[in-house]
Amino acid sequence: MDLAVVGTGYVGLVTGAVLSYIGHNVTCIDIDKAKVDQLISGKSPIYEPGLEDLMAICSENKRLNFTSDYACVKTADVVFITVGTPSLANGGVDLSHLKGAATEIGRNLDNDRLQIVINKSTVPVGSGNWVEMLVSQGIQNGSKAVAAAVTGEHEILNGTTRAMIQTKHKFVVVSNPEFLREGSAVYDSFFPDRIVIGTCDKQAQEMMRELYSPLLEQSFAPPSFLMSSDQRANSVPLVITDLASAEMIKYAANAFLATKISFANEIAGICESVGADVTEVMRGVGLDHRIGKGFLNAGVGWGGSCFAKDLSALVATAEEYHLSPSILSAARQVNLQQRRVAIKKLQTSLKIIKGRTVGLLGLAFKPNTDDVRDAPSLDIAEQIINLGAMVKAYDPVAEESCRRARPDLDINYCPSIDEVAFGSDALIIVTEWEEFRSIKLSRLKELMRTPVIIDGRNIFDPETVRQAGFEYHGIGKG
Ligand SMILES: NC(=O)c1ccc[n+]([C@@H]2O[C@H](COP(=O)([O-])OP(=O)(O)OC[C@H]3O[C@@H](n4cnc5c(N)ncnc54)[C@H](O)[C@@H]3O)[C@@H](O)[C@H]2O)c1
């Protein structure tokens with residue numbers, strides 16, 4: 001199929017590349033011209049394992065193109081919307097990018113044949129209907145402009161022409177939420193747990209099945225650089241439902257994952273008081289197949305571009321309907337408190353924070369990504385700076401994005417673990433990068449002013465660290 005993907009961020013770029021790899025002709029559109037130029041030169045603007053390799057294969061096959069021009073929408077069978085939907089200050093969702101994309105798609109659709117407009121951005125329930133309205137308006141505006149150009153009229157169309165334009169719309173809006181995880185986005189897109197399609201239109205359902213059939217049937221040959229897929233399922237479940245339910249599935253899934261982590265963090269606090277070890281506790285809990293092992297790691301809390309904004313959006317939607325979603329609100333609250341836990345441990349250990357040097361290991365909100373949106377590191381760094389200490393930090397890939405996101409934060413960025421450790425009074429593990437797990441503790445101890453480790457991700461064995469001569473504080477390690 002011919003596909004257009006509007007928005008080349010974490011979701012759009014990965015989706016475009018994977019769909020191109022499995023055989024579609026994909027054109028990715030972005031209004032950020034600098035980003036488009038970078039993509040045309042074969043470079044990915046984001047750090048995502050395997051993505052540049054995948055882009056190289058697709059561009060060799062000449063099935064992946066990049067542009068800022070929406071003209072390609074006219075020939076596309078399917079148009080994906082993958083623009084950002086950030087939070088507003090009031091917790092609602094900023095839908096301005098979605099509006100811009102939907103209107104521009106409408107202005108450029110063919111409108112003489114069935115085309116599918118897929119909303120892959122995470123949007124509040126009902127947004128599919130809103131997108132439909134915006135695309136229709138875009139079509140009418142586009143047609144008005146064409147008619148005006150033909151007739152020489154600029155403002156008014158006669159009733160018959162307007163009616164013709166309005167009844168001719170043939171596009172269908174489908175919700176197709178995305179569940180990829182940053183850091184393993186390419187893998188997740190080739191081997192998804194499920195594909196969700198929200199539309200009641202039978203023809204659109206068939207087109208969606210056809211679009212995704214290599215993924216649904218797992219019939220493609222994976223790129224060689226992907227991890228061995230021995231445990232690859234024979235097929236991927238397809239959930240076909242209505243638009244509103246598909247939109248809710250995405251929010252409910254993210255709310256559940258965020259709540260699971262907040263639950264583990266709340267239990268961690270109790271473990272510390274009663275002398276239990278949260279890692280052991282959650283292992284025992286997660287082995288129950290009704291609960292599952294994932295997302296039960298206690299630490300300095302969740303971050304990233306999705307959990308906070310999606311929880312806030314879901315709370316805002318519930319409140320619009322006069323509901324009080326207490327579990328969702330508590331999950332957010334626990335997460336905010338959790339970011340202060342590392343600071344409390346620092347104060348317990350060092351007593352006076354003013355004039356100290358504190359090293360942060362990790363800035364990205366999780367390993368294998370350079371994304372620092374709503375990363376705990378930013379909050380932790382800010383709190384320590386406000387308490388009068390100097391903050392040094394090292395991250396294998398996220399330094400640049402951190403500098404860009406928070407130029408106001410006076411962080412002393414370092415090129416290595418050793419340089420962060422040198423002269424530090426304490427080190428806080430903020431992101432569980434693989435590199436940190438194999439740190440040479442003896443070397444670290446030589447470099448630090450006082451040997452204090454606050455393990456915000458519970459990556460170390462406490463006894464090993466203590467035996468190496470450190471004061472060790474994990475999370476929930478009573
Ligand atoms: N990042 C994730 O892990 C993830 C996972 C699942 C779902 N989502 C959802 O997917 C959506 C996209 O997220 P993202 O992280 O990829 O966003 P992003 O901010 O990384 O990328 C969005 C891109 O859209 C472009 N854009 C904005 N307006 C445009 C327009 N009118 N026309 C063309 N391009 C435009 C921007 O320039 C940017 O490149 C969000 O709704 C998000 O909640 C994200």
Side-chain angles (χ1 to χ4, degrees), residues 4-18 27-39 44-48 51 66-73 79-88 92-108 117-124 127-128 131 134-135 138 175-189 192-196 246-247 249-251 253-255 257-258 302-314 364-366 368-375 401 404-405:
V5 179
V6 179
T8 60
Y10 289 85
V11 169
L13 182 54
V14 174
T15 301
V18 169
T27 305
C28 294
I29 306 167
D30 205 292
I31 46 171
D32 182 339
K33 290 202 168 66
K35 201 179 247 192
V36 169
D37 287 344
Q38 196 178 342
L39 288 163
S44 165
I46 52 168
Y47 176 82
E48 191 58 53
L51 184 55
F66 300 98
T67 177
S68 288
D69 187 348
Y70 273 75
C72 59
V73 163
V79 184
F80 284 86
I81 301 179
T82 55
V83 297
T85 48
S87 278
L88 291 168
V93 182
D94 175 357
L95 294 173
S96 58
H97 303 289
L98 185 71
K99 184 175 181 185
T103 310
E104 216 39 55
I105 289 168
R107 291 175 72 90
N108 288 277
V117 177
I118 296 183
N119 199 1
K120 215 178 215 332
S121 295
T122 305
V123 290
S127 300
V131 165
L134 292 169
V135 173
S175 169
N176 173 215
E178 180 53 61
F179 302 97
L180 61 76
R181 297 163 299 173
E182 286 179 21
S184 54
V186 173
Y187 184 89
D188 292 347
S189 300
D193 287 340
R194 76 300 211 185
I195 291 175
V196 174
E247 290 169 342
I249 287 171
K250 175 64 192 173
Y251 279 108
N254 269 2
L257 292 172
W302 41 261
S305 67
C306 293
F307 281 3
K309 95 173 162 61
D310 293 352
L311 263 181
S312 294
L314 192 51
F365 85 95
K366 68 175 193 175
N368 298 322
T369 180
D370 58 354
D371 198 344
V372 295
R373 289 179 283 185
D374 194 33
S401 44
R404 244 180 291 124

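What you see is a predicted model, and the numbers here were worked out from it, not measured in a lab. Counting convention: from 1, in listed order, for ligands and their atoms alike. Just the heavy atoms: all of them, side chains too, but no hydrogens, waters or symmetry mates, feed the values below.
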| message | Within ligand 1, which atoms have a heavy atom of S305 less than 4.0 Å away? | response | 1 (N)
| K35: numbered ligand 1 atoms lying under 4.0 Å from its heavy atoms | 38 (C), 39 (O)
| Under a 4.5 Å cut-off applied to non-hydrogen side-chain atoms, are Y10 and T369 in contact? | yes
| task | Compute the shortest N/O to N/O distance between Y10 and ligand 1 and return yes if it is under 3.5 Å, no if not. | result | yes
| task | Answer yes or no: is there a side-chain heavy-atom contact under 4.5 Å between Y251 and P177? | result | no
| request: Name the option, out of L13, N119, V14, V83, that contains the heavy atom nearest to atom 12 (C) of ligand 1. | output: V83
| Part of P177 with heavy atoms under 4.0 Å of ligand 1, whether side chain, backbone, both or neither | neither
| request: Please report which non-hydrogen protein atom sits nearest to atom 25 (C) of ligand 1, along with the residue it belongs to and the distance in Å to one decimal place. | output: D30 OD2, 3.3 Å
| field | Identity and separation of the nearest protein heavy atom to atom 9 (C) of ligand 1 | value | T122 OG1, 3.4 Å
| task | For ligand 1, find out whether one of its N or O atoms is nearer than 3.5 Å to an N or O atom of Y70. | result | yes
| message | Check contact between K250 and ligand 1, using heavy atoms of the residue and a distance below 4.0 angstrom. | response | yes
| task | Heavy-atom contacts with V6 under 4.0 Å: which atoms of ligand 1 show up? List them by number with element. | result | 32 (N), 33 (C)
| Can you find an N or O of D32 that's nearer than 3.5 Å to an N or O of ligand 1? | no
| query | Can you find an N/O atom of K120 closer than 3.5 Å to an N/O atom of ligand 1? | reply | no
| query | Out of V93, L39, I31, who gets a non-hydrogen atom closest to atom 28 (N) of ligand 1? | reply | I31
| field | Protein heavy-atom partner closest to atom 22 (C) of ligand 1 - residue, atom, separation in Å | value | G84 N, 3.5 Å
| message | To check your reading of the model: name the closest protein heavy atom to atom 5 (C) of ligand 1, its residue, and the distance in Å. | response | L180 O, 3.6 Å
| query | Under a 4.5 Å cut-off applied to non-hydrogen side-chain atoms, are N119 and V117 in contact? | reply | no
| Looking only at protein heavy atoms, which one is nearest to atom 6 (C) of ligand 1, and how far off is it? | E178 O, 3.3 Å
| task | Kindly confirm or rule out an N or O of E182 lying under 3.5 angstrom from an N or O of ligand 1. | result | yes
| CG-OG distance between D310 and S305, expressed to the nearest 0.5 angstrom | 8.0 Å
| Are any of the N/O atoms in D310 less than 3.5 Å from those in ligand 1? | no
| message | Test of understanding: given a 4.0 Å heavy-atom threshold, classify the contact between R373 and ligand 1 as side chain, backbone, both, or neither. | response | side chain
| message | For a 4.5 angstrom cut-off between non-hydrogen side-chain atoms, does F179 reach D188? | response | no
| query | Is there a donor-acceptor pair under 3.5 Å between the side chain of D370 and the backbone N or O of Y47? | reply | yes
| field | ligand 1-proximal atoms of F307, by part, heavy-atom distance under 4.0 Å | value | neither
| Counting from 1, what ligand 1 atoms have a heavy atom of T85 closer than 4.0 Å? | 40 (C), 41 (O), 43 (O)
| task | Considering the heavy atoms of G7, write down every atom of ligand 1 situated less than 4.0 Å from one of them. | result | 23 (C), 24 (O), 25 (C), 34 (N)
| query | Does the side chain of E178 come within less than 4.5 Å of F80's, by heavy atoms? | reply | no
| message | How far is atom 27 (C) of ligand 1 from the closest protein heavy atom, and which atom is that? | response | H97 ND1, 3.6 Å
| message | Would T85 and L95 count as a side chain to side chain contact (heavy atoms under 4.5 Å, CB included) here? Give the steps. | response | CA-CA 6 Å; T85 48; L95 294 173; 4.3 Å; yes
| message | Measuring only between side-chain heavy atoms, which start at C-beta, is F66 closer than 4.5 Å to L13? | response | yes
| query | Can you list the ligand 1 atoms lying under 4.0 Å from a non-hydrogen atom of K309? | reply | 42 (C), 43 (O)
| Looking at OG of S175 and NZ of K120, how far apart are the two atoms once the value is rounded to the nearest 0.5 Å? | 9.0 Å
| field | Any donor-acceptor pair under 3.5 Å from T15 side chain to G12 backbone | value | no
| note | The protein heavy atom nearest to atom 21 (O) of ligand 1 is G9 CA, 3.1 Å
| task | Please assess S96 against D94 for the test side chain to side chain donor-acceptor pair (under 3.5 Å), listing each intermediate value before the final yes or no. | result | CA-CA 6 Å; S96 58; D94 175 357; 2.7 Å; yes
| Value rounded to 0.5 Å, distance of NZ in K366 from OG in S184 | 5.5 Å
| query | What about G100: any of its N or O atoms under 3.5 Å from an N or O on ligand 1? | reply | no
| field | Region of A185 that comes within reach of ligand 1 [heavy atoms, distance under 4.0 Å] | value | neither
| message | Nearest 0.5 angstrom please: D30 CG to D37 CG, how far? | response | 11.0 Å
| task | Could you please spell out the steps behind the side chain to side chain contact (heavy atoms under 4.5 Å, CB included) verdict for D371 and I46? | result | CA-CA 8 Å; D371 198 344; I46 52 168; over 6 Å; no
| remark: for atom 8 (N) of ligand 1, nearest protein heavy atom and its distance come out as V11 CG2, 3.5 Å
| Flag side-chain contact, heavy atom, 4.5 Å: L51 against V14 | yes
| Which residues pass the side chain to side chain donor-acceptor pair (under 3.5 Å) test with S312, sequence neighbours left out? | R332
| query | How does V123 reach ligand 1, by side chain, by backbone, by both or by neither, if only non-hydrogen atoms under 4.0 Å count? | reply | neither
